[in-house]
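First the structure, in the form of structure tokens, and then the observations on it.
Values in this document were obtained by computation on a predicted structure and should not be read as measured data. Numbers restart at 1 for each chain; the letters A, B, ... are given by sequence-line order, proteins then strands.
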Amino acid sequence: MSVPVSLGAVPRRLGAFAWQAVLPVALVLGYQVAASAARNPFFPALPDIWQAFVTSWTGPGFTRDVAPSLIDLFAGYVLGVASGLAGGIVLGRAPRVRAALNPLVSFALTLPPVALLPLFLMLLGIGPQMQIGVIAFSVFFTLLINTTEGLRSADPALGDLSAVYRIGGLRRLLVVQLPAAAPYILAAMRTCLSTAVLVMVVSEMVGASQGIGAQTLLAQQSFAYEQMWAGMLLLAVLGCLLNALFTLAERAVLRRAGLLPATSTGARP
Amino acid sequence: MATQTIARPAPARAARSARLLPVAGVTAFALLWEVAARTGVLPASVVPPLSGTAVRLGTLLTEPAFWAAAADTTLAWAAGLAASVLLAVPAGILIGTSERAYRFFRVPIEALRPVPPIVVLPLALLLIGGGLEFKVVLIAQGAAWPLLMQTLYGVRTTEPLLLETARAYRLDAPRRLVLIRLASAAPLVATGLRLAAATAFGVCLVTELVGGASGIGALLVLAQSGDDLVGVYAVTLLAGLAGLGIAALFGWVERLVGARLAGA
Amino acid sequence: MTAVSAPTGQWPLLRAETLAKTYHTPAGAHEAVRDVTFDVHAGEVVSIVGPSGAGKTTLLRILAGLLAPTSGRVLLSGVPVEGPPQGAALVFQDYSRSLLPWLSVLGNVTLPLRSARVPRAEAADRARQALASVGLEGKEKLRPRELSGGMQQRVSIARALAYQPRLLLMDEPFASVDAQTRMDLEDLVLPLREQYGMTIVTVTHDIDEAVYLSDRVVVLSPPPSTVSAVVDIPLPAPRSQTATKEDPRFGRLRHRVLDLVRRPEPAAPATTQERILNR
Ligand SMILES: Nc1ncnc2c1ncn2[C@@H]1O[C@H](COP(=O)(O)OP(=O)(O)OP(=O)(O)O)[C@@H](O)[C@H]1O
Ligand SMILES: [Mg+2]
């Protein structure tokens with residue numbers, strides 16, 4: 001950014017920044033002070049949590065627990081997104097099929113994905129296939145419905161354009177329809193990412209002995225409170241980080257597609 | 001396009017098929033399920049016949065244990081949702097009305113929002129055990145997020161012209177808040193409520209599945225550990241129907257609020 | 001599927017036959033077009049003028065095969081139109097909505113050509129030429145959003161020109177460009193019919209433009225629209241912004257069309273008579 005800044009604006013900016021930083025800093029420091037004063041084993045001090053974080057989640061802990069979790073998450077998410085997108089494209093072209101399937105899709109959408117864990121456990125047994133299956137299932141229907149909706153609610157002017165200039169088949173789908181539906185698809189992908197993390201954690205808590213969720217619950221049950229906190233911290237950081245990465249990727253895609261101004265300043269809410 | 005027909009179906013025919021198609025879809029699905037299970041295309045160890053599942057669902061509805069579980073889940077869900085409303089809506093209004101307050105809370109809100117709502121489960125289980133209190137706390141903190149975000153957004157995006165007009169007419173601050181800000185935020189809050197209700201149901205099931213609290217989720221765990229596949233199908237179907245009911249109820253509230261206050 | 005082909009026998013290239021269109025909306029039925037009949041012969045330029053809301057866009061969408069008339073039919077060289085015919089291009093009134101924001105200017109113009117299996121290099125060539133002819137050289141790589149409204153409209157015209165249609169339909173194509181560019185575009189369009197054998201039907205509010213461009217002007221009544229009159233424009237070709245517009249006949253024709261557009265309620269018998277006289 002090369003906007004000329006008046007001299008008075010600099011302290012004001014600094015002030016604004018400091019104002020935003022007060023609460024997070026206070027929360028962290030406040031916890032540390034309270035925890036080291038109270039000496040309650042349920043609330044370990046920050047350096048101890050950090051210590052546990054490093055020992056639990058790096059080195060062998062990473063390969064044993066973190067990596068499988070992330071692989072399951074990624075595999076389930078990609079599988080769900082790909083199949084949901086494909087199904088949504090099919091339904092988007094077949095309004096009658098869509099109408100016929102509507103009650104079933106609504107049912108699957110409102111069924112909390114975690115409710116499927118016992119069923120998937122029985123059908124697929126304990127293991128990554130169960131985790132991947134439930135994650136993919138939870139992602140599939142949201143993508144299905146949003147892709148369909150995005151295709152359906154596209155500007156009718158684009159339909160006229162394709163009809164007059166005889167733009168058809170794959171070209172119409174890839175160049176006209178899917179980009180027009182992109183805002184719906186991206187919004188669904190973002191929502192699904194949070195759901196997928198949640199389902200991953202719960203599925204590991206319910207039916208796994210490895211993975212971040214399993215280890216965190218195990219730590220709680222075996223009174224290893226630093227480790228439990230380290231697990232909570234990792235899950236929180238993972239949620240934030242994936243969301244931030246998604247935002248970056250989304251902006252890059254939208255910018256390349258010319259749907260965002262080439263230079264934008266400041267983050268949008 | 002191979003065919004670019006411009007003829008559209010007559011409105012009456014379209015309306016009738018719009019009503020019939022969903023019925024046809026559900027019927028076809030049910031038939032397919034039943035036939036596939038009966039003929040062994042889908043082995044009974046994977047999908048038991050729909051008829052058997054339906055019968056089990058029926059007997060379930062006559063068992064007191066089921067109604068006790070349903071009551072536990074409903075109570076926790078309702079109490080957690082109510083707590084999240086009491087927590088998040090006033091907080092959203094307070095934070096959203098003042099730009100300074102908003103900036104003060106912005107960083108933690110943005111950072112914590114994408115955190116899965118069950119991260120604190122182990123800690124809560126540790127501190128308050130696996131009872132109703134535990135469920136309510138977990139549900140409230142999970143469901144509060146969508147409500148807080150929607151309320152914040154609604155209050156912050158109040159049409160500035162409306163606010164200025166109100167000031168020009170010397171409306172006092174409480175009236176400005178209620179008549180202008182809250183009225184124009186209400187549709188978004190109603191959307192937040194629908195999202196929160198769904199989240200609350202999901203988190204409630206998690207507390208029962210993982211935390212062992214009694215309820216529908218515990219029934220699921222029970223059926224699964226007893227290797228009772230038909231029971232798992234029946235309870236899962238029920239959970240889905242409950243989710244559908246919640247979505248319908250709060251979707252209706254959302255539309256009602258939207259219709260009442262549209263263009264406010 | 002209908003295609004725009006050379007006129008056969010006694011058929012005109014395009015015939016609108018007792019077209020009527022009633023929209024059915026939740027608010028009730030809305031009769032936009034009541035009874036419109038006219039012919040367009042190959043190589044002609046015909047303008048449709050009428051007050052705002054007269055149903056001009058509706059009519060053009062029917063001609064383009066995008067909208068089914070409630071009654072009546074459109075014949076292309078004698079063959080009824082049932083969908084967008086091959087070899088016809090339409091410049092949409094709502095130009096910004098008909099450009100794809102995720103494609104560059106060049107991408108937008110080449111898209112129909114690539115769909116018609118024109119090789120990439122040739123498509124790009126034709127697109128560049130068309131863009132240059134509407135004064136948009138050097139803008140090929142920009143996105144539509146980075147252009148002004150008038151420039152976007154010219155991209156949409158260039159897209160139609162690069163397509164080299166036999167029948168070019170335009171809905172108020174010059175509505176949001178400045179006066180100078182407008183004259184340039186008018187003079188760009190006229191030679192096209194010789195160059196490519198194009199037949200052009202254009203909708204406009206602008207009486208001067210209608211008279212200047214056209215061989216005939218179809219005047220629509222206020223809605224529900226009927227044809228008030230079809231006015232022949234026997235001005236000599238080639239037309240020129242200076243000579244043609246200074247021609248006293250131009251002034252008289254202009255006056256005549258203006259009167260027809262303004263006259264609030266056309267008496268039905270007079271209309272019919274006038275139509276016959278002007279055939
Ligand atoms: N899709 C539609 N559904 C219902 N009514 C419509 C529709 N399209 C147009 N109309 C109505 O039909 C009438 C004619 O519309 P149309 O757009 O054809 O007029 P127009 O002559 O092109 O106007 P303008 O000069 O403003 O472009 C208007 O009253 C309009 O409201
Ligand atoms: Mg129009």
For Ala116(C), is it the side chain, the backbone, both, or neither that has a heavy atom closer than 4.5 Å to a heavy atom of chain A? neither
Are any of the side-chain heavy atoms of Asp160(A) and Leu90(C) separated by less than 4.5 Å? no
Provide the closest heavy-atom pair for Arg166(A) versus Pro85(C) in the form atom of the first, atom of the second, distance. NH2-C, 3.5 Å
What part of Arg114(C) lies closer than 4.5 angstrom to a heavy atom of chain A: side chain, backbone, both or neither? both
Shorter than 4.5 Å, heavy atoms on both sides: which option in Val176(A), Leu158(A), Val164(A) has the most such pairs with chain C? Val164(A)
So for Ala182(A), is it side chain, backbone, both, or neither that comes closer than 4.5 Å to the heavy atoms of chain C? neither
Neighbourhood of chain A inside residues 92-110 of chain C, taking heavy atoms under 4.5 Å as contact: Phe92(C), Arg97(C), Ser98(C), Leu100(C), Pro101(C), Trp102(C), Leu103(C)
How close do Pro84(C) and Ala163(A) get, counting heavy atoms only, and between which atoms? CB-O, 3.5 Å
